[in-house]
A.B. asks: 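Please see the structure below; I have some questions.
We name chains A, B, ... by the order of the sequence lines, and we start the count at 1 in each one. Below, all heavy atoms of this structure are taken into account, side chains as well, without hydrogens, waters or symmetry copies.
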Amino acid sequence: MASEVLKNQINQQLFRKLELAYLCTDRSLKVVEASSRLPDYGYTNVSVGDDVGEHIDFMIGLDSDTKLDLPFVISPSGIPVSVSLLPSDNLLTILFTNASMQAEQRQALQQKANENELLVRQQRVLMAQIAKASIELESKNDDLREAARLQSRFLSGVSHEFRTPLTSIIGYTNLLQRDDKQSTESEALSPDEGDVSSDYLRAVQRSSKHLLSLVENLLDHGKFDSDEIVIRPGVCNLSEVFEDIRLLLSSLANTKQVEFILTQYFSEDVYVIADDSRLRQCLLNIVGNAVKFTDQGSVEVIASFSDEKLSVSVKDTGNGISTEDLSKIRLPFYQAPDTGKAGTGLGLTITERLIELMGGELLIESELDVGTTVKFNMPMARTTIGQATSSKADSTALSILMAEDDSDIAELLMMMLSERGIDVSHVTNGALAVDAVKSGSFDLILMDIHMPIMSGYEAMKALQAAGNTIPVAVMSASGLDSDRLQALEYGCTAYLVKPVEIDEIVVLANQLVENNVSQ
Amino acid sequence: MSTPESPQVAAIRARYQSNLMEKAKLLATRSDAIRKAQSEQVLQQARQDLREDLHKLAGSSGMYGYNDISALCRKAMSDVDDNDAGELDKCMAELQDVIRQHA
């Protein structure tokens with residue numbers, strides 16, 4: 001009895017804790033008994049005598065002898081239940097147990113598994129990225145090593161290139177000092193000794209200019225990187241340009257016993273519109289390289305001008321350039337190895353860029369142990385302006401207003417311009433310049449910038465507001481492109497950097513007058 | 001090929017050359033004013049005065065062919081802008097020397 005009571009109590013406890021529900025059927029699957037908890041799982045309205053398949057759809061197709069455990073079934077109420085089918089002699093008992101906790105645990109495990117899978121995949125992606133970054137880093141390291149090597153060569157080249165002309169300058173100035181000391185101690189220099197001194201001075205000047213061009217090369221390279229290079233076309237005599245190249249480089253070629261030939265297929269009176277200084281820079285570099293890299297034989301320069309196009313060919317009998325180096329020599333700082341010649345490695349890079357900016361094209365052909373030919377062509381318009389400078393009569397028609405507060409500069413310029421037959425009116429500040437324009441008639445206004453009372457910029461603004469049509473040429477001590485651009489914004493037609501050459505003013509004035517006449 | 005100078009232009013150049021020492025003295029006075037400035041306001045004015053005179057001399061000396069004087073004036077202007085008293089003193093001393101050589 002006691003054990004029976006205990007058994008009942010245990011059963012009741014188990015039923016309650018496990019939230020058990022049951023349903024019994026006979027062998028024809030008709031309901032004979034149903035627990036009161038069945039509606040908790042959504043099995044409602046189960047009555048004795050009902051076909052069990054009407055209430056429990058997974059029973060369809062099963063018979064009363066089926067013994068089965070279904071661990072997770074979603075009951076009609078949504079609660080996960082564990083279902084056990086327990087056949088006995090005449091009955092089939094279907095037992096339902098709340099499986100919510102097991103279902104949650106199973107879901108949590110699955111979630112963890114999913115997260116692990118994702119982590120593994122992410123790790124694989126990161127590893128791939130690290131591998132790729134390592135390869136790129138190695139490649140960058142190679143680039144840096146190459147850049148360091150080129151920089152080292154560049155510094156070595158620059159040092160040598162600067163030392164050479166500086167040594168020349170110091171040497172020749174020492175000689176001049178010695179000559180000067182001798183002349184003060186004894187009589188004045190004889191004509192021959194005077195010629196030698198002039199030669200020394202010219203040599204110093206050449207070296208100074210070469211040094212300046214080296215510095216400008218370095219600055220230009222920096223400017224190319226920031227797109228600051230400006231081409232400034234002006235009137236240019238082609239024959240003078242090539243004559244200067246011949247003077248500068250033929251003596252160097254002669255000292256190496258290399259024949260230097262320069263042939264110009266145009267006359268001395270050919271004037272063109274071109275950036276004189278940049279054209280010289282390109283020629284100096286190309287012809288200079290030819291002379292530098294030729295130890296025997298010849299350097300031949302041929303220049304022609306037709307159909308408004310300058311064509312130049314520079315052919316040398318130097319060692320030539322290999323195909324591999326030929327593809328690289330236009331790169332900044334690159335120099336063909338084993339030439340034994342120092343340099344910055346910038347000249348050809350800058351030259352090619354300048355030629356392109358001036359509308360031209362550079363071509364290089366070379367063969368090892370035979371020589372190299374460098375060619376370029378450049379469009380340039382022909383003009384007759386330059387020829388006017390030789391005619392004093394033409395410049396007597398010119399009238400210039402000069403606004404310059406420095407009396408020393410004004411006095412010199414006025415005298416030199418007057419001697420060329422130009423009528424010059426002088427004022428000392430921008431306000432007076434504006435008044436003078438109202439009451440006078442001028443072909444050109446030369447405007448200083450820094451003046452008292454009213455600056456050149458303010459005067460130009462006032463003239464612009466008043467509808468001034470007289471060309472204004474700024475004379476400034478600043479060579480910065482930013483100042484030049486600012487002056488252009490204020491309406492100036494030309495920008496002259498002090499010290500200003502008188503011929504530059506005369507040519508400019510004639511050019512502007514001709515432009516005004518033709519409009 | 002440059003044309004020879006007229007006597008008038010030569011006379012103007014000679015006059016400029018003879019006035020170089022006056023310009024050097026003026027610059028020396030300006031430099032002294034900077035050294036002796038007692039207040040920030042006075043110092044700023046003195047530096048501005050020196051800079052203006054250096055600017056003028058840089059321009060005119062270049063026009064007259066004294067490129068070394070012009071270059072040194074520009075260097076000194078840069079030292080004034082950078083407020084580098086040590087470099088300015090060195091540059092001014094060198095400028096005085098060069099002007100003396102040409103005068």
A.B. asks: Roughly how far apart are B/S60 OG and A/I409 CD1, rounded to 0.5 Å?
C.D. replies: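 Going from OG on B/S60 over to CD1 on A/I409, the span is 5.5 Å.
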
A.B. asks: Check whether any side-chain heavy atom of A/L413 sits under 4.5 Å from a side-chain heavy atom of B/M63, and report yes or no.
C.D. replies: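 A/L413 vs B/M63: side chains touch.
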
A.B. asks: Could you tell me which non-hydrogen atom of A/M415 sits nearest to which non-hydrogen atom of B/I12, and how far apart they are?
C.D. replies: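 Looking at all heavy atoms of both residues, the shortest contact is CB-CD1, 3.5 Å.
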
A.B. asks: Could you give the distance from NZ (B/K56) to CG (A/D448), rounded to the nearest 0.5 Å?
C.D. replies: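 These two atoms lie 10.0 Å from each other.
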
A.B. asks: B/H55: which residues meet the ring-ring contact (aromatic ring centres under 6.0 Å, His included) condition with it, sequence neighbours left out?
C.D. replies: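 So B/H55 forms a ring-ring contact (aromatic ring centres under 6.0 Å, His included) with A/H450.
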
A.B. asks: Only one of B/R15, B/K23, B/R13 forms a salt bridge (Lys or Arg N to Asp or Glu O under 4.0 Å) with A/D408, so which one is it?
C.D. replies: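 Going through the options one by one, the only one that passes is B/K23.
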
A.B. asks: Does CD in B/E94 sit with more than 12 non-hydrogen atoms of other residues, nucleotides or ligands closer than 6.0 Å?
C.D. replies: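 Incorrect, the count does not exceed 12.
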
A.B. asks: How many angstroms lie between CE in A/M416 and OG in B/S6, if you round to the nearest 0.5 Å?
C.D. replies: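 Interatomic distance, A/M416 CE to B/S6 OG, rounded to 0.5 Å: 8.0 Å.
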
